[in-house]
2 protein chains.
Amino acid sequence: MIINQQKNGLIICRILPNSDLKVKCVTEKSEDKIKEAARRIFLKKGFDGTTSRDIAREADMNIALTNYYFRSKEKLFLEIFKDILELYFQNMVSILNKPVDIKTKISDMIENDFKMMNEEPDLVIFIMNEIHKEPERLFPDLTFFKQIRSTLFCKQLNEGIANGTLRQVHIENIIPLIKSCVEFIFLGKHIHKKIYGMSEEEFNRYAQEQKEHVKAMICNYLILEG
Amino acid sequence: MIINQQKNGLIICRILPNSDLKVKCVTEKSEDKIKEAARRIFLKKGFDGTTSRDIAREADMNIALTNYYFRSKEKLFLEIFKDILELYFQNMVSILNKPVDIKTKISDMIENDFKMMNEEPDLVIFIMNEIHKEPERLFPDLTFFKQIRSTLFCKQLNEGIANGTLRQVHIENIIPLIKSCVEFIFLGKHIHKKIYGMSEEEFNRYAQEQKEHVKAMICNYLILEG
DNA sequence: ATTAATTTTAAATAGTTGTTTAAATTAATT
DNA sequence: AATTAATTTAAACAACTATTTAAAATTAAT
């Protein structure tokens with residue numbers, strides 16, 4: 001048997017005519033295929049805009065399988081939503097805990113947000129919109145939220161305030177300052193392009209500019225000179 | 001006839017028994033009732049989450065009337081969406097044109113955003129989400145967008161940059177800085193309350209704090225000290 | 001007062017929604 | 001190889017969707 005690994009992840013097995021080998025194609029589990037397809041569609045269209053048939057079509061699966069594996073559209077959504085929320089926050093918390101100085105950390109946070117908004121442009125508006133529409137159903141026992149208050153960043157902030165190198169700002173004030181300025185222009189990407197007459201390339205340049213302004217502005221404000 | 005104007009806008013007319021006067025009760029036009037009801041529901045649930053029956057129920061009108069007056073749910077939505085976009089932008093442009101110094105104007109912008117987010121908490125997330133989902137259908141001939149580039153604020157910014165009192169920042173960079181920090185914490189109001197364990201009152205205090213930080217931070221950055 | 005136009009109504013349209021069924025197929029276990 | 005379990009299928013379900021119809025009720029015009 002000759003095996004050629006291909007670029008796109010497929011494995012092609014050429015079996016000799018007189019071989020008694022059998023090939024078991026271990027394809028992705030149906031459950032996972034559905035969940036990934038649903039994630040894509042939910043992110044793009046939101047819960048209300050997504051139909052069971054949209055998901056089945058995207059996953060290339062029979063319409064009944066969503067309910068076979070996940071019991072209902074709602075249950076599937078809640079599973080996916082929890083994953084997305086955890087991803088979003090774990091990412092943030094792990095940067096807040098990095099052993100670097102506070103200026104670098106602010107820069108890292110902003111760079112990370114910038115990267116995320118480019119790679120997953122639907123993610124933040126999706127989270128915000130779904131929570132805004134129905135705040136209660138989407139917060140089960142997500143205790144990992146409280147982690148932020150015990151991150152290294154929080155400790156660094158308090159120390160800096162204590163020894164007079166940082167301005168007296170609460171953690172809940174400074175983090176939104178860091179996150180909002182970059183995320184906002186991506187949240188309203190189409191509006192901004194329209195208002196200021198920017199092409200895709202021009203927007204990208206503009207977003208880069210904005211990123212640097214935000215870094216400078218926040219550090220200017222937070223870090224006290226002499 | 002004795003007329004008493006009431007607090008809630010109702011007018012009560014008491015007609016004397018032997019009077020030959022007739023009272024014509026000019027109630028709100030059905031078309032307007034539907035549009036206003038639709039506006040409320042669309043803002044709360046979004047286009048996909050709103051059904052024709054939701055609108056009819058909210059307006060207390062027959063289900064067929066929406067299509068009688070507006071031809072379709074889509075047409076009604078587009079009309080309302082255009083109104084909302086214009087309201088949002090005209091409000092902003094009129095502040096940008098106010099004959100006050102740039103520091104006051106930044107403060108006014110932030111105060112206005114703060115007020116708006118409190119009074120119409122669904123407005124900004126609604127605009128962003130609907131445009132994000134379907135950018136093309138929602139921009140017909142909205143040329144009023146370009147107004148921003150010719151506001152007094154823009155002129156003041158360029159003058160300040162020219163005479164060295166202001167940092168060299170493009171208009172498209174500074175306006176999102178002003179708007180994002182306040183709007184963002186309201187966009188994610190429920191998330192922020194959850195993360196930092198805030199009650200409604202605590203959130204309001206926190207939002208006030210944030211507002212003042214943002215004012216100071218932006219002015220610090222933009223306005224260069226002698 | 002009669003006619004014409006407008007507005008409102010209940011009912012029906014055809015299509016879509018999330019979900020279920022029961023049979024068919026495949027895989028795992030004995 | 002036979003039996004059991006797990007997966008997949010096509011078809012159906014009732015409820016709901018946006019929209020239309022045609023008749024009724026109301027208002028305006030003559």
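Just so it is clear: chains get the letters A, B, ... in the order the sequence lines come, proteins before strands, and each one is counted from 1.
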Only Watson-Crick and G-U wobble pairs with both distances less than 3.5 Å should count. Give DNA chain C in dot-bracket notation, marking inter-strand partners with |.
.||||||||||||||||.|||||||||||.
Atom-pair distance ([atom1] on [X]; [atom2] on [N]), nearest Å:
X	N	atom1	atom2	result
B/Lys29	D/dA28	NZ	P	11 Å
A/Asp48	D/dA18	CG	P	12 Å
B/Leu65	C/dT7	CG	C1'	8 Å

Do B/Asn129 and A/His132 have a side chain donor and acceptor closer than 3.5 Å?
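Judged by distance alone, the side chains do not pair up.
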For B/His192 and A/Glu172, test the side chains for any donor-to-acceptor distance below 3.5 angstrom and give the result as yes or no.
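Looking only at side-chain atoms, A/Glu172 and B/His192 do not form any donor-acceptor pair under 3.5 Å.
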Quick check with a 6.0 Å cut-off and a 45 degree axis cone: is A/Arg137 positioned over the face of A/Phe47's six-membered ring?
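Cation-pi check for A/Arg137 and A/Phe47: passes.
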Output every pair passing ring pair (Phe, Tyr, Trp, His ring centres under 6.0 Å) with a member in residues 195-214 of chain B, not counting sequence neighbours, ordered by first then second residue.
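Of all non-adjacent pairs touching residues 195-214 of chain B, those that pass ring pair (Phe, Tyr, Trp, His ring centres under 6.0 Å) are A/Tyr221-B/His213, B/Phe186-B/Phe203, B/Phe203-B/Tyr206.
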At under 4.0 Å between heavy atoms, what does A/Tyr69 touch on the DNA or RNA strands: base, sugar-phosphate, or nothing?
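Sugar-phosphate, no base atom in range.
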Need one value for A/Thr66: base, sugar-phosphate or nothing, where a base atom within 4.0 Å counts as base even if backbone is also close, heavy atoms only.
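It contacts nothing in the nucleic acid.
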Are any non-hydrogen side-chain atoms of [X] and [Y] less than 4.5 angstrom apart?
X	Y	result
B/Cys181	B/Lys211	no
A/Phe89	A/Ile84	no
B/Arg149	B/Ile171	yes

Quick one: salt bridge (Lys or Arg N to Asp or Glu O under 4.0 Å) pairs with a partner in residues 197-208 of chain A, sequence neighbours left out?
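As it turns out, the salt bridge (Lys or Arg N to Asp or Glu O under 4.0 Å) pairs with a partner in residues 197-208 of chain A, which skip direct neighbours, are A/Lys189-A/Glu200, A/Lys193-A/Glu200.
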Nucleic acid footprint by protein, nucleotides 11-25 of chain C - heavy-atom cut-off 4.0 Å, B for base, S for sugar-phosphate alone
------BBBBB----
Please determine whether salt bridge (charged side-chain N to carboxylate O under 4.0 Å, His left out) holds for the pair A/Arg57 and A/Asp54, giving the CA-CA distance in whole Å, both sets of side-chain angles, and the decisive distance to 0.1 Å.
CA-CA 5 Å; A/Arg57 199 182 310 118; A/Asp54 285 340; 3.4 Å; yes
Could you tabulate the donor-acceptor pairs under 3.5 Å formed by side-chain atoms of residues 37-45 of chain B, not counting sequence neighbours?
residue : atom : partner  : partner atom : Å
B/Arg39 : NH2  : B/Glu120 : OE1          : 2.9
B/Arg39 : NH2  : B/Glu120 : OE2          : 2.7
B/Arg40 : NE   : B/Glu58  : OE2          : 2.6
B/Arg40 : NH2  : B/Glu58  : OE2          : 3.2

Salt-bridge criterion met for A/Lys35 and A/Asp83 (N-O under 4.0 Å):
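Judged by the 4.0 Å cut-off on N to carboxylate O distance, A/Lys35 and A/Asp83 do form a salt bridge.
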Sorted by number, the residues of residues 32-43 of chain B with heavy-atom contact under 4.0 Å to DNA chain C:
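The stretch gives none, as no residue of it lies under 4.0 Å from the strand.
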